[in-house]
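Taking it in order: structure first as structure tokens, then the write-up.
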There are 2 protein chains.
Amino acid sequence: MARELIEDSEAFITEVCWHYYVNEMTQAEVARLMDVTRLRVNQAIQRARQLGMVKIQIESPFTTRIEMQESLKSTLGIDRAVVTPANRDAYDYHQPTGAALAALLTERLRAGGWSSFGVSWGLTLDAAIARLTKQNHPDLEVVSILGGTAQGSSFNSFGIASGFARALGAHYSILTAPIYLSEGLDRDLFLSQFALREHFQKFDNLDAVLLTCSNVSNKSFLVSHGLPNELTPASLIEQGAIGDVLGQFLDKDGNSVSKAVDDRAVGMLLEKVQRVPEKIMAAAGPHKVEIIRAACKRGLVDTLVTDDVTAELLMSAELSDAPPTAK
Amino acid sequence: MARELIEDSEAFITEVCWHYYVNEMTQAEVARLMDVTRLRVNQAIQRARQLGMVKIQIESPFTTRIEMQESLKSTLGIDRAVVTPANRDAYDYHQPTGAALAALLTERLRAGGWSSFGVSWGLTLDAAIARLTKQNHPDLEVVSILGGTAQGSSFNSFGIASGFARALGAHYSILTAPIYLSEGLDRDLFLSQFALREHFQKFDNLDAVLLTCSNVSNKSFLVSHGLPNELTPASLIEQGAIGDVLGQFLDKDGNSVSKAVDDRAVGMLLEKVQRVPEKIMAAAGPHKVEIIRAACKRGLVDTLVTDDVTAELLMSAELSDAPPTAK
DNA sequence: CCGCAATTCATGCATTTGTAAACTGATTCA
DNA sequence: TGAATCAGTTTACAAATGCATGAATTGCGG
């Protein structure tokens, strides 16, 4: 049962957090000072964390796992790898990967030179938004490069682009379309609508893209919620698909599997992605190992943000699977 | 037992903090995962906090104490007041005041429009630096507006200006001079040195200044360590001094007390400070109530950053002390 | 090889934190 | 009126944390 309206005002939560985090008082002390129950203080702090009101930042997040990053770079043939330490017991890849992506993005934006970048969507990007601290890039535009699903979750197309834009103090441009066209609808005709045509033109001038990927299983939100009824996971697997990038399915060598499906995907085509100057993929989880590898082979990745669990698998899988070739 | 040399390197501390803060593991879990003692993990986290590697930011620090801020504004006749909740038991005003100043500064810089600002020095500004997250303002210059003391602490003139510049990604310019000239040394002659003359010219174009103040007691670092031998606190008090701003002493109405002393202070003159577009004073503590009030009367303050303890005293003192006049 | 000094480790314990269950007191509604 | 509902408090307790203590280990000079 959804019980809402336990309305502790933002001011109350803020003051509690201030005492707790800045003044380093105990929860009991805060409770006594503010004349409330300790329970309320405890809840307020948890709410604040949940709402992302307190942002905990670790300076220099890239100094760990350096050796891994180096070997991962050469193994996958990419320009840069960021490997974060994951929690192996309560394994959740979204949070650490998102946090690392947020830090990386902040650093890249600080370096300057970007006037727009594209974003897909997913839980990893949602986690990154929650970790971003407020910034100000009035001349930056966040461009959605993938249609959305009917379920309007926060990690859906609209929420991701606007979330990045809000945190970064930037503009955004949304792809107001479903991720897959109905069967039989002509792609070119559909995309010729004025609003979409204008949006698609932005794809040609992106300075960077933030990509994610997923495998073909019900762990993938796209597969479990976004696929049209006629497209079954089984049929995709039959064609050799091991996962998707931007709704377009690849086999284990990074080749497109089905032109029929790709043509129905509303978003940036992979051919166009390959021409973007900076391609950052954030993806982690054992089930994504193969599709990450495929995306790298396809040349869709300059920088990979992942965790150590996935990194290890990526390297061992690569070794056991691929024949020894000249690099 | 595998006995490896576990250095307390930055990488180690970073990874511990990553697990603890991002992955929300317990210290014991982190210890087990990384194969070290729990004590080491505990110490690493404390070290990280102490070193300022983990920055905890609270999103909206200005929403608390709103009523107080409003009444403080009208009581003191200033444009803006930021009142932070202090820890009344283990009373330390530097941390919360510094944290609030850091947040305010970040916001003002995000708004844009500053090309340089002046800083004095002191523990409050040191605390603000520790709270600042890394930013990038390549066209910004931090200008030291007060000479330093012989003791080269981190909160001394050099450390403060360079600290702000490092955190903000800005340039800085140092006032390489003692805070007080030797007795008898001609001010104009001394300041005519090329390096100093150039520096002093920057005072004319500052967009803002970050000021502090102190009373006349050994709580004041300036008084206890920076005063020339011939200048005793007693003699200053005798002349009616209740505290200083930039090494220049004021009486309770904000009038300069001793031209002789002021002339020996190497820094921005208060007359010049009054012409700066944005004057931000960060000061808290019961012993600073009178000098804060005096500084406001003198017109040295547009924005006051303080804590609730001091704010209350400021308002009650104002009421009890001043004759009832028309607002 | 021994013993001394300096670390580092294991252990124990008091405090703090997170969470569930029982309680209270007001409000609603049959 | 009195049971049901609900918001919030109190109580209780297990887990996590911070810290101190003595034991064990290491380095090193004699």
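A, B, ... follow the sequence lines: proteins, then strands. Residue 1 opens every chain.
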Atom-pair distance ([atom1] on [X]; [atom2] on [N]), nearest Å:
{"X": "D35(A)", "N": "dG8(D)", "atom1": "CG", "atom2": "P", "answer": "15 Å"}
{"X": "Q50(A)", "N": "dT19(C)", "atom1": "CD", "atom2": "P", "answer": "11 Å"}
{"X": "R40(B)", "N": "dT25(D)", "atom1": "CZ", "atom2": "C1'", "answer": "14 Å"}
{"X": "R47(A)", "N": "dT17(C)", "atom1": "CZ", "atom2": "P", "answer": "18 Å"}
{"X": "Q43(B)", "N": "dT7(C)", "atom1": "CD", "atom2": "P", "answer": "13 Å"}

Considering every strand and a 4.0 Å limit on heavy-atom distances, what is the contact class for T37(A): base, sugar-phosphate, or nothing? base

Listed partners of Y93(B) passing ring-ring contact (aromatic ring centres under 6.0 Å, His included), at least two apart: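 For Y93(B) the ring-ring contact (aromatic ring centres under 6.0 Å, His included) partners, ignoring immediate neighbours, are Y91(B), H287(B).
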
Can you check whether H94(B)'s main-chain N or O pairs, donor with acceptor, with T97(B)'s side chain at less than 3.5 Å? no

Give a yes or no on whether the backbone of M25(B) and the side-chain of N87(A) come within a donor-acceptor separation of less than 3.5 Å. no

Step by step, would you call E70(B) with K73(B) a salt bridge (charged side-chain N to carboxylate O under 4.0 Å, His left out)? CA-CA 5 Å; E70(B) 288 306 307; K73(B) 264 169 55 180; 3.6 Å; yes

Can you give one letter per nucleotide of nucleotides 16-22 of chain D, 5' to 3': B if a protein heavy atom sits under 4.0 Å from the base, S if only from the sugar-phosphate, - if neither? SBBB---

Give the intermediate values and the outcome of side chain to side chain contact (heavy atoms under 4.5 Å, CB included) for residues F164(A) and L210(A). CA-CA 11 Å; F164(A) 271 111; L210(A) 306 188; 3.8 Å; yes

Applying side chain to side chain contact (heavy atoms under 4.5 Å, CB included), run through K288(A) and T310(A) and close with a yes or a no. CA-CA 8 Å; K288(A) 294 194 178 176; T310(A) 312; 5.6 Å; no

